Number of protein chains: 2
Amino acid sequence: MKRINLKELANLLNLSTSSVSKALRDSHEISEETKKKVREFAVKHNYSPNPYATSLRKKKSKTIAVILPEVADNYFSLAINGIQKVAEARGYHLLIYLSHEKYSIEKAVLEECSNGRVDGVLISISSETTDHSHLQKLVNENIPLVFFDRAPEDFNASKVITNDYDCGYFTAMHLIEDGCTNPVFLSMSSALPICHRRAEGFKAAVLATGIASDPNKLVHYCDGTEEESMKKIQELFESKNRPDGVVASVERLAIQTYMVAQESEINIPKEVKVIAFSTLETAPILNPPLSTITQPAYDTGTKAAELLFQRIEKPLQYTQPECVVLPSIFMERKSCIPKSHFS
Amino acid sequence: MKRINLKELANLLNLSTSSVSKALRDSHEISEETKKKVREFAVKHNYSPNPYATSLRKKKSKTIAVILPEVADNYFSLAINGIQKVAEARGYHLLIYLSHEKYSIEKAVLEECSNGRVDGVLISISSETTDHSHLQKLVNENIPLVFFDRAPEDFNASKVITNDYDCGYFTAMHLIEDGCTNPVFLSMSSALPICHRRAEGFKAAVLATGIASDPNKLVHYCDGTEEESMKKIQELFESKNRPDGVVASVERLAIQTYMVAQESEINIPKEVKVIAFSTLETAPILNPPLSTITQPAYDTGTKAAELLFQRIEKPLQYTQPECVVLPSIFMERKSCIPKSHFS
DNA sequence: ACAAATAACGAAATCGATTTCTTAAATTAT
DNA sequence: ATAATTTAAGAAATCGATTTCGTTATTTGT
C-alpha cells in the first residue's frame, strides 16, 4: 500500500490540486458539494498531507525542540510530561535532545535548531555552560527561546525558574534549627546558576547565624563523574570535622549521600541530617524518608511551554522576556528531624 | 540577522544554485577551486540547508519517532538515553510521543507517523493495546517498526524484549525458598504481554510447588488510577489471608507496595517479602533495600535503535523480523531475605 | 438589459533544496 | 586539424503541498 498524495487525489477526483487543497482547508472558494466529495474521498484513501511539504511552504514546522542535560533525573522526566501535555494540546511535535551536561553538545544542538527545523526551543542549560553566544545566535535569528529550571543569570530571555535562593536559605536555617552546627552544601557545579543561587542562599543563612567556622568550606563541589562525586562525599564524611547536616543541590547528590552513609554506616538523621532539592518519587520510602525541597517540575514544564507558544504564535504581542518564578515546597521527612524527636 | 538560503548564497557567489549545491556535497562535477570558495563562503555566512526542503526532495527525514506509555518510569528514561545515543551517533533526530497508556492516543500518534514525518518508529505499546491494526497499517506503508520492552505477542515485527517468563518463574521460586507460603503477583494489566508473561512464569512456579490454596488468586490486577491501585494493594494487605510475598510487575507497583506497607506498619521483609521488576536507582537505599529484577533498559534502547537503523538504511538486507532477548538480572537485597537471616 | 459583482474552479508561482539534463569550453585522440 | 571526450557549470524538473492570480459562468444591481 502506497501513500497517496495531493496530485493523485486530484487526478482521481478530476479536480486540480489547488481545488483539492482548498477544499481540504475548507476554503470559501470551493462549493460545499465539492468539499464534501473531496473530504470523503480523502478519508477513504487515508490521505494526509506531507508535513515537510507543508512546513516548507508555510515556514512553520509545528515542532519545538526540548534540550535537556539528561533524562535520568526525575525532575526532567516530569518536566517533559508537562511540556508534552501542552505541546500535544496545540498540535506540536517534540524533538528531544540531550546535552549530557556538555557545552559542546549543547552548542551543536542549538546550531541544528536554527535552520528552520523547529519553531521554538525550550532549554535547561548544561552545567558547563558559561558562554552564551550560542544562545544569543538563536535569539538573533528570531527563534523563540524559553529557559526552564536552569537558566543563565545574565541573559535576556523568558524563563521559568524556582525560588532557589530562598530555598537555599531555608534549608540552612532548618538544619541549624534542628541542631546542626556544621552544615554543608553539595553543589554540582559552580557555573550552574541554580546551584549557585541555592548555595548563596545557604551560605547567607549560615553566615547570618554566625556558626560557620570556615566560610570557605560551606559549599563542596561534586562535579566530575559519578565515581569522583561519590569519593568526594566519602572523603567529606571521613574528614575530621565531618558535617552534621547536608543539603544536596540535585537528586543525584542526594542518592549518593545516602549510598555513602549506608556504606559507612553513618546514621541519618542522628549523625547527619539531609535535605535534598529533589522530585524523587521514592523520597517517602527511603531509609530514612528524605526531606525534600520539591520543585514544581510538571508545572514548570507546562508554564515554559505556554510562554514559548505565546511567543511562537503571537510574536508581536509578546516581545518582552518574561520571568516566572514558581515556588518549591518543603516536604519534611525523617532525614532531618531534630535530635529531641529521636525515638 | 536573517538566515541565508542556497539561492542567495549562489547569487552572492555569482554561481547557479545547482553548482553551489553540488559544491557543498563535494560533487566531482565542480572544480576544487570553486568548491573551496563555496565552502568557505557558506561557513562565513553560517549557511545550513533547510532540513525540510532536503527531506522533501530526498524522501528521508533523518528522524525517528519514539512512542512510550510514559516517561516518569525510570525504565523509559534509561531506554531513551540508549536510543538517543545511537540516534545521535547516526545523525538522526528524535521525536518523542507519550501514549499515557491510552490506545486511542497511541493510534492517533501512529497515524501521524505514516505521513513521511519519520523514517522509522520505536514503540513500547500501551497497556490498553490489544488490537494491532494501527501497527499493521504502519508496516503496510513500509515504515520500519521495532518494539522494545512492551511488544504484542502475535505481531510479526522486530523486537527487543527481556526474559519475562523466566524472571517471573524465578521470583516465585525465590520467595518460596525464602519461606513464603502465600505469594502474589501484582500485574498492571491483563492485556500487557510483558506483565502476562511475567505472571505466567510466576504462576507456573507457584503451581509447580503445590503451595497454592487458590490458583485464581495468585495474580492481582492493579490497573486503573494510582489511587485505585493503592486501594487495591491496601485491601490485599488487610484481607484475611494477607500475602507474605509480593512481586511487583512494574516500578510504580513496587513504590505503591512500599507506601502501603509503611502506612499500615507492615514490616518488609518480616511480614511481607517484596521483589520488583524495576530499574529504580534508589532501590538500594529504600527502607528496606528493594530486591529487583533489573531490566537492561539502556541496552534495550540501544539495541532496538540499532535494529531500526539497520532496517531504515538497508531495507533490502534486513527483511526478516528479528527478536532479541536481553536477560534481566536479579539484585538481591533485604526486602526478600529469608526469615532465618533476620537480625 | 447590460454592467458589476460573485461563485467556483484552474494555472502557475512558490517554499528551498537536489538531481537530471544540457551546454560551452577545454582537452585528448587520431 | 578535426573529431571525440572530458571538465565545469547552468537550466530546468522535481519533491508535495499552499497561495496568488486568472478565468469562466452565474448572479445581482440599477
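So you know, we letter chains A, B, ... as the sequences are listed, proteins then strands, and number each from 1. Source: prediction; values computed, not measured.
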Rounded to the nearest 0.5 Å, how far does NE2 of A:H134 lie from CD1 of A:I123?
6.0 Å
Between B:E32 and A:L24, which has a closest nucleotide on DNA chain D that is more 5'?
B:E32
Just by modelled atom types, is the B:T17 backbone N or O under 3.5 Å from a matching donor or acceptor in the B:S21 side chain?
no
Measure from the side chain of A:S16, starting at C-beta and using heavy atoms only, and say which of C:dG10, D:dT18, C:dC15 lies closest.
C:dG10
Side-chain donor-acceptor pairs under 3.5 Å in residues 135-143 of chain A, sequence neighbours left out?
{"residue": "A:Q136", "atom": "NE2", "partner": "A:N140", "partner atom": "OD1", "Å": "3.1"}
{"residue": "A:K137", "atom": "NZ", "partner": "A:E111", "partner atom": "OE2", "Å": "3.2"}
{"residue": "A:N140", "atom": "ND2", "partner": "A:Q136", "partner atom": "O", "Å": "3.4"}

Letter by letter from the 5' end, nucleotides 20-27 of chain D scores (B base, S sugar-phosphate only, - none; protein heavy atoms under 4.0 Å) BB------
Quick one: label B:S21 by what it contacts on the DNA or RNA (base, sugar-phosphate, nothing), any heavy atom closer than 4.0 Å.
base
The residue, B:K58 or B:L15, whose nearest nucleotide of DNA chain D is more 5′ is B:L15
Roughly how far apart are A:Q84 CD and A:H93 NE2, rounded to 0.5 Å?
11.0 Å
Can you tell me how far OG of A:S55 sits from CG of A:D119, rounded to the nearest 0.5 angstrom?
7.5 Å
Is any side-chain nitrogen or oxygen of A:R25 closer than 4.0 Å to OP1 or OP2 of D:dT18?
yes
Taking everything shown except B:K102 itself, do over 12 heavy atoms lie less than 6.0 Å from its NZ?
no
Could you tell me, to 10°, how much the axis swings from one end of the helix from C:dA1-D:dT30 to C:dT30-D:dA1 to the other, five pairs per end?
50°
Enumerate the residues from residues 111-120 of chain B whose closest heavy atom to DNA chain C is under 4.0 Å, giving them by residue number; use none for an empty result.
none
Do B:I194 and B:Q295 have side-chain heavy atoms sitting under 4.5 Å apart?
no
Output the residues of residues 41-52 of chain B in contact with DNA chain D, where contact means a heavy atom of the residue under 4.0 Å from an atom of the strand; sort by number or write none.
none
Describe, in one word, how the ring planes of A:F76 and A:F148 are oriented to each other, choosing from parallel (under 30°), tilted (30 to 60°) and perpendicular (over 60°).
perpendicular
Looking at A:E322 and A:K303, does any basic side-chain N land under 4.0 Å from a carboxylate oxygen?
no
Would you please name every residue forming a side chain to side chain contact (heavy atoms under 4.5 Å, CB included) with A:P144, sequence neighbours left out?
A:L308, A:R311, A:I312
With heavy atoms under 4.0 Å as the rule, sort B:T34 into base, sugar-phosphate or nothing.
sugar-phosphate
Which value, rounded to the nearest 0.5 Å, describes the distance between A:S99 atom OG and A:K107 atom NZ?
14.5 Å
Please assess B:E33 against B:K37 for the test salt bridge (charged side-chain N to carboxylate O under 4.0 Å, His left out), listing each intermediate value before the final yes or no.
CA-CA 6 Å; B:E33 193 190 4; B:K37 207 169 57 183; over 6 Å; no
Hey, what's the ring geometry for A:Y52 with B:Y52, parallel, tilted or perpendicular (30° and 60° as the breaks)?
parallel
